[in-house]
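Sequential numbering from 1 along the given sequence is applied to the chain's residues. This one's a predicted model, so the numbers in the text were calculated from it and none came from an experiment. All heavy atoms count here, side chains included; hydrogens, waters and symmetry mates do not.
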Amino acid sequence: MHRGDKEDELSSVSTDEPSLASYLRESPYDSVEESQMLETLPRFQRPKSPWGKLDPYESTEDFNREYVGFATLPNQVHRKSVKKGFEFTLMVVGESGLGKSTLINSLFLTDLYRDRKVPDAADRISQTVAISKNTVSIEEKGVKLKLTIVDTPGFGDSIDNSKSWKEVEDYIDQQFELYFRDESGLNRKNIQDNRVHCCLYFISPFGHGLKPLDVECMRALQHKVNIIPVLAKSDCLTPAEVSSKKLRIVSEMERYQIKIYQFPGSESDSDEEFKKHDRELKTRMPFAVIGSNAIMESNGKRFRARLYPWGVVEVENPAHSDFGLLRNMLVRTHMQDLKDVTQDVHYENYRSHWLSSGHVEKQVGVASWRTEEAL
């Protein structure tokens, strides 16, 4: 057989077999009768969603589309977080008489200092800095929050206030150490997070700006905790005085290189409302705040206020103070970011320093802990 004859035979065989395209074109599933029959079959029904209105696939346009379903992951994280509850530790630092306790009661609508005894002037002279911790469980719309308030009575009340911030600094380090110990132990599932997530530093409205104690304390704490400066008792100042004092405080912080809490950068895909809110927060720092335990009523509306001979100062009125901005930032918009910065920045700095130091015994309590475990 010649080569040409063989090629002709192969070509004749290949043309006799139907191609894939022709098979699909002639498939009986493309006939009109089959198409009509398929249309009469019941449509695919998804299982009933447990998320209800929160299910992102329950819209009308998505009903006949196929999805894997991982868009519900945020719902799963939310459900697990709500079931577990949240923890937040807030520290307040400042001289006595600046309204720290009153502001905390106003922020969280509770009375944490009902049984507190206020020392007189003679007791304050000899008083040393102490650490007072109060924990309260708050539930709102099904969300549970374990709130811990760490107060520092006696701060700045002595005649000699040098190193008065040492107790505050040591307490923050001790909480880091306890967390590190629990994290390195066996029972990691039930770790209690008592680390200080935020520090409200109260600046006195009397004076020309930051005091030397303010500068030294914030510089000692700036790498250990998120510092949010507040201008206390701003109702003692006129609006013009508040503005000028804010500018002076910001200028002095830059001069002494004091690092306070930095709001997260505005990502390109973030919501425009959050960008606007963050810009406003940055321009209003330090927050000029007012606190009050007195509830007043006007035109059927109840609100916290302070009554003076010349008028009424409303705590949550944005024209009177920055209290509303502080509460929104602290609770509604940036509470989780404060916890994230504590974990990713301040705690990691402590942890890396502890590990790089070669387990030296100068760390607070580390030597005794290692000795107990060795026994």
Side-chain angles (χ1 to χ4, degrees), residues 84-119 123-124 127-140 144-158 161 163-183 185 190-202 217-218 220-222 224-230 232 261 289 291 293 326-327 330-331 335-336 338-339 341-343 346-347 350 363-366 368-369:
K84 182 180 178 181
F86 299 89
E87 298 174 330
F88 190 74
T89 301
L90 176 65
M91 173 179 279
V92 289
V93 179
E95 301 176 6
S96 299
L98 294 182
K100 301 188 297 296
S101 306
T102 305
L103 181 68
I104 293 301
N105 292 338
S106 302
L107 281 173
F108 298 100
L109 304 178
T110 185
D111 189 3
L112 294 175
Y113 304 94
R114 187 180 296 107
D115 301 327
R116 186 189 61 166
K117 179 182 179 182
V118 180
D123 294 334
R124 289 180 181 177
Q127 185 179 14
T128 59
V129 180
I131 300 295
S132 174
K133 186 169 70 171
N134 294 280
T135 302
V136 60
S137 296
I138 306 175
E139 184 173 354
E140 190 174 80
K144 298 178 181 179
L145 174 65
K146 179 184 175 183
L147 175 66
T148 302
I149 303 297
V150 181
D151 200 352
T152 56
F155 179 85
D157 294 343
S158 303
N161 289 313
K163 302 294 182 180
S164 61
W165 59 87
K166 186 63 177 174
E167 291 290 335
V168 180
E169 184 180 6
D170 289 345
Y171 178 82
I172 296 175
D173 285 339
Q174 288 170 10
Q175 303 313 306
F176 281 150
E177 184 207 346
L178 290 175
Y179 189 86
F180 180 77
R181 184 198 305 182
D182 293 340
E183 192 180 45
N190 300 317
I191 296 179
Q192 296 293 325
D193 187 7
N194 293 317
R195 296 171 297 179
V196 180
H197 302 116
C198 177
C199 173
L200 292 182
Y201 191 89
F202 285 70
C217 181
M218 284 192 284
L221 302 180
Q222 61 183 349
K224 300 176 182 294
V225 68
N226 299 308
I227 299 177
I228 297 179
V230 295
Y261 170 69
V289 296
N293 292 327
L326 176 62
R327 172 190 276 175
L330 197 61
V331 181
M335 175 178 281
Q336 186 58 46
L338 288 167
K339 298 179 66 174
V341 174
T342 301
Q343 169 68 28
H346 300 302
Y347 174 67
Y350 172 86
Q363 295 293 332
V364 182
V366 171
S368 60
W369 165 49

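With rounding to the nearest 0.5 Å, the separation of CD1 in Ile138 from CG in Leu147 is 5.0 Å. Taking CG of Asp173 as the reference point, atom CG of Leu178 lies at 11.0 Å (rounded to 0.5 Å). Atom NZ of Lys146 sits about 6.0 Å away from atom CG of Asn194, to the nearest 0.5 Å. Here the OG atom belonging to Ser164 is positioned 11.5 Å from the CD atom belonging to Glu169, to the nearest 0.5 angstrom. How far SG of Cys217 is from CG of Leu221: 4.5 Å, rounded to the nearest 0.5 Å. A distance of 9.0 Å separates CD of Gln336 from NE2 of His197, quoted to the nearest 0.5 Å.
Looking at heavy atoms from C-beta onward, Val289 lies out of side-chain contact with Leu200 at the 4.5 angstrom threshold. Taking the side chain as every heavy atom from C-beta outward, Thr342 and Val225 never approach each other to under 4.5 Å. Counting heavy atoms from C-beta on, the side chains of Tyr201 and Ile228 never come closer than 4.5 Å. When side chains are defined from C-beta on, Leu90 counts as touching Ile104, because their heavy atoms get closer than 4.5 Å. With a 4.5 Å cut-off on side-chain heavy atoms, Leu103 and Phe202 count as touching. Proximity of Val92 to Val150: side-chain heavy atoms (C-beta onward) are nowhere separated by under 4.5 Å. Using a 4.5 Å heavy-atom threshold, the side chains of Phe155 and Glu167 count as separate. The side-chain heavy atoms of Lys133 and Tyr171, taken from C-beta on, include a pair separated by under 4.5 Å.
In plain terms, the two heavy atoms of Ile227 and Met218 that are nearest each other are CD1-O, 3.6 Å. In terms of heavy-atom proximity, Thr135 sits nearest to Thr148 at OG1-OG1, 3.3 Å. Of all heavy-atom pairs spanning Glu87 and Lys339, the tightest one is O-NZ, 2.8 Å. What you find for Gly94 and Thr152 is that their closest heavy atoms are N-OG1, 4.1 Å. The two atoms that bring Ile172 and Lys224 nearest to each other are CG2-O, 3.8 Å, heavy atoms only. Between Met335 and Val331, the shortest heavy-atom contact is CB-O, 3.7 Å.
Donor-acceptor pairing under 3.5 Å is recorded for the side chains of His346 and Asn226.
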Begin from the C-alpha positions of Cys199 and Tyr261 and carry the test side-chain contact (heavy atoms from CB on, under 4.5 Å) through to its verdict. CA-CA 9 Å; Cys199 173; Tyr261 170 69; over 6 Å; no

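Centroid-to-centroid, the aromatic rings of Tyr347 and Tyr179 come within less than 6.0 Å.
Of the possible polar contacts, none joining the Arg195 side chain to the Thr89 backbone as a donor-acceptor pair under 3.5 Å is found.
The side chain to side chain contact (heavy atoms under 4.5 Å, CB included) test with Lys100 singles out one residue from Ile149, Val93, Asp151, and that residue is Asp151.
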